[in-house]
Amino acid sequence: MQERQRVNIGIVGSGFIAETRARSYASVTGYDVRLVAVASRGQDRARAYAQRFGVPDVLDSFEALLDRKDVDVVDLCVPNFLHRPMTEQAAAAGKHVICSKPLTAFDGQGMPEDTDVAAIPRAQMLKTAVENAEAMVAATERAGVRLMYAENWVYAPPIQKAARLIEASGGTILEMRGGECHSGSHSPYSTHWRYTGGGALLRLGVHPIGAMLYLKRQEGLRRDRRPIRPLTITAEVGDLTRAPGFVAEAKHWVRTGWVDVENWGTAIITFEDGTRGIVYASDAVLGGMETNLQINLSNAHIKCNMSHTNLVQAYAPDATIFASEYLIEKLETSAGWSPPAPDEDWAQGHRQAVQDFVACVAEGRAPLADGHLGRDAIEVIYAAYLSAAEGRRVALAR
């Protein structure tokens with residue numbers, strides 16, 4: 001039997017997304033994948049993480065991880081503001097990089113702590129965010145390592161099936177409509193621009209944006225051997241929990257306390273060929289995570305659903321009945337009918353993304369989702385913020 005090629009992973013961070021990654025690495029086939037170390041400032045949580053997932057070493061700094069000769073890839077499961085500096089450091093150390101979405105963000109890097117980051121002109125945010133993304137791409141290309149963009153929607157089975165159907169149809173993508181919605185982020189940092197670099201449009205809208213850019217990119221490469229790129233953006237954003245009627249209600253079922261970021265946003269992407277993508281994102285939707293994408297072709301209509309499926313349906317008259325079993329992300333109650341997810345990591349593309357990234361490192365090939373896709377998604381998002389702030393259509397730089 002041929003020995004499987006070994007790929008050693010160093011995880012940075014030990015929170016929610018690091019947990020998802022560890023489960024996903026365990027499902028990789030065809031390669032000998034090992035989580036050799038986890039680096040995290042929260043040592044108690046990191047030790048608990050290492051124990052759960054069989055990670056042999058717990059390190060207290062990113063630099064200590066980069067010094068490890070046995071680490072082939074660093075997987076950045078850290079806040080957005082760390083993506084650029086850590087990518088540049090990892091590339092300089094000769095490590096491949098997996099970066100969580102969004103690729104980067106504008107959160108007032110280098111500004112005084114008392115700066116009102118949300119008040120910074122959106123044009124400046126757009127310029128800086130794109131510069132950050134391009135610096136990450138340049139650093140990894142210069143070092144001859146891979147920058148793999150962990151946009152799980154690109155890898156989700158419904159999206160990949162849609163991509164194959166689109167190719168088989170030979171049709172033109174005329175319009176896409178997609179979004180991600182739920183009742184609010186778990187993270188205490190999500191309510192502040194300084195910590196996240198944006199609100200729902202950045203945290204949630206980045207997923208459908210990435211999928212749309214990917215599908216139009218593939219269409220263009222098939223037809224003309226060049227991607228079909230986004231051309232202009234029109235958008236609106238807002239905080240729906242500031243509505244007087246909502247404020248007056250005695251009990252709030254959706255997340256509140258948004259300080260200076262939006263909990264709702266929508267954007268229209270106009271592509272170079274005149275086709276459209278409509279993106280929506282909301283932290284004010286009850287009933288569990290909703291993730292979907294509709295694709296209208298010149299000769300077909302495709303609907304993708306990554307969350308509420310009919311694979312399993314369950315009913316309970318009281319929330320205590322299923323209390324010990326996970327059902328679906330962001331579901332407020334397990335009482336009544338619910339669509340329990342058999343395997344969210346698979347359905348939402350996390351397992352497939354990690355499989356591709358490991359294969360890229362082992363075989364020396366490019367990933368489906370790379371730094372260029374992440375860069376374009378960031379440009380669209382911050383152009384959307386500029387559009388919403390100034391009430392106009394924003395043309396992207398060519």
Side-chain angles (χ1 to χ4, degrees), residues 101-102 122 126 151-154 156 158-163 165-166 169 171-182 198-220 227-240 261-285 287 289-308 348-349 369 373-396:
K101 65 81 187 172
R122 297 303 187 259
L126 170 60
E151 177 42 76
N152 55 286
W153 271 42
V154 167
I159 301 297
Q160 282 301 309
K161 183 61 175 180
L165 291 171
I166 293 166
S169 76
T172 300
I173 300 173
L174 300 178
E175 179 194 24
M176 293 177 282
R177 302 179 183 186
E180 180 163 302
C181 306
H182 53 57
L201 201 58
L202 179 73
R203 288 183 292 101
L204 306 178
V206 69
H207 290 301
I209 289 170
M212 292 177 188
L213 298 183
Y214 167 77
L215 291 172
K216 290 300 287 187
R217 173 195 279 192
Q218 296 304 109
E219 178 188 345
I228 298 172
R229 302 283 302 281
L231 186 64
T232 65
I233 309 296
T234 306
E236 287 196 15
V237 298
D239 180 357
L240 303 184
V261 298
E262 81 284 357
N263 68 356
W264 175 90
T266 189
I268 300 174
I269 305 170
T270 300
F271 290 92
E272 292 173 324
D273 61 351
T275 60
R276 301 294 198 274
I278 301 173
V279 177
Y280 52 91
S282 178
D283 285 295
V285 174
M289 176 84 80
E290 292 188 9
T291 54
N292 53 72
L293 178 67
Q294 289 191 50
I295 306 160
N296 293 303
L297 297 154
S298 57
N299 59 356
H301 184 181
I302 303 169
K303 295 183 178 181
C304 303
N305 188 352
M306 278 71 71
S307 54
H308 281 57
Q348 296 183 12
L373 179 64
R375 177 256 180 231
D376 286 355
I378 280 297
E379 184 180 29
V380 167
I381 289 166
Y382 280 92
Y385 283 137
L386 177 58
S387 171
E390 298 187 358
R392 64 179 179 90
R393 176 181 290 185
V394 173
L396 303 185

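Keep in mind that this is a model prediction, so the values were computed, not measured. All values below come from the heavy atoms of this structure, side chains included, with hydrogens, waters and symmetry mates left out.
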For the student: nearest non-hydrogen atoms of P208 and G179, plus distance: CG-CA, 3.8 Å
For E262, all residues meeting salt bridge (charged side-chain N to carboxylate O under 4.0 Å, His left out), sequence neighbours excluded: none
Atom of I173, atom of I295 and distance for their closest heavy-atom approach: CG2-CG2, 4.0 Å
Side-chain donor/acceptor of T291 to backbone N/O of S307, under 3.5 Å: yes
Pairwise side-chain contact, F271 with M176, heavy-atom cut-off 4.5 Å (strictly under): yes
Minimum heavy-atom distance between H207 and N152, given as atom pair plus value: CE1-OD1, 3.2 Å
From Q294 atom CD to K303 atom NZ, the distance as rounded to the nearest 0.5 Å: 5.0 Å
S169 backbone acceptor or donor facing N299 side chain under 3.5 Å: yes
Validation row: L231, D273 side chains within 4.5 angstrom (heavy atoms): no
Exam field: side chain S298 to backbone G171, donor-acceptor pair closer than 3.5 Å: no
Gap separating the CG atom of L165 from the CG atom of L297, nearest 0.5 angstrom: 9.0 Å
Gap between atom CG of L213 and atom CD of Q218 - 0.5 Å precision: 11.5 Å
Exercise: identify the closest heavy-atom pair between A384 and A235: O-CB, 3.4 Å
Spatial distance of atom CD1 (I278) from atom CD (E175) [nearest 0.5 Å]: 4.5 Å
side-chain contact (heavy atoms from CB on, under 4.5 Å) assessment of V279 paired with T266: CA-CA 5 Å; V279 177; T266 189; 5.8 Å; no
Any side-chain donor near an acceptor of the partner, N305 and N292, under 3.5 Å: no
Interatomic spacing from CZ in R393 to CD1 in I268 - rounded to 0.5 Å: 8.0 Å
Taking every non-hydrogen atom, the tightest pair across G178 and M212: N-CE, 3.4 Å
For the student: nearest non-hydrogen atoms of E151 and V206, plus distance: OE1-O, 3.5 Å
Test side-chain contact (heavy atoms from CB on, under 4.5 Å) applied to V154 and I159, step by step: CA-CA 6 Å; V154 167; I159 301 297; 5.7 Å; no
Worked verdict on L204 versus Y280 for side-chain contact (heavy atoms from CB on, under 4.5 Å): CA-CA 8 Å; L204 306 178; Y280 52 91; over 6 Å; no
Pairwise distance NZ(K101) to CH2(W153) - rounded to 0.5 angstrom: 11.0 Å
Within 6.0 angstrom of R217 CZ, more than 12 heavy atoms from elsewhere: yes
side-chain contact (heavy atoms from CB on, under 4.5 Å) between T270 and R276, intermediate numbers included: CA-CA 5 Å; T270 300; R276 301 294 198 274; 3.2 Å; yes
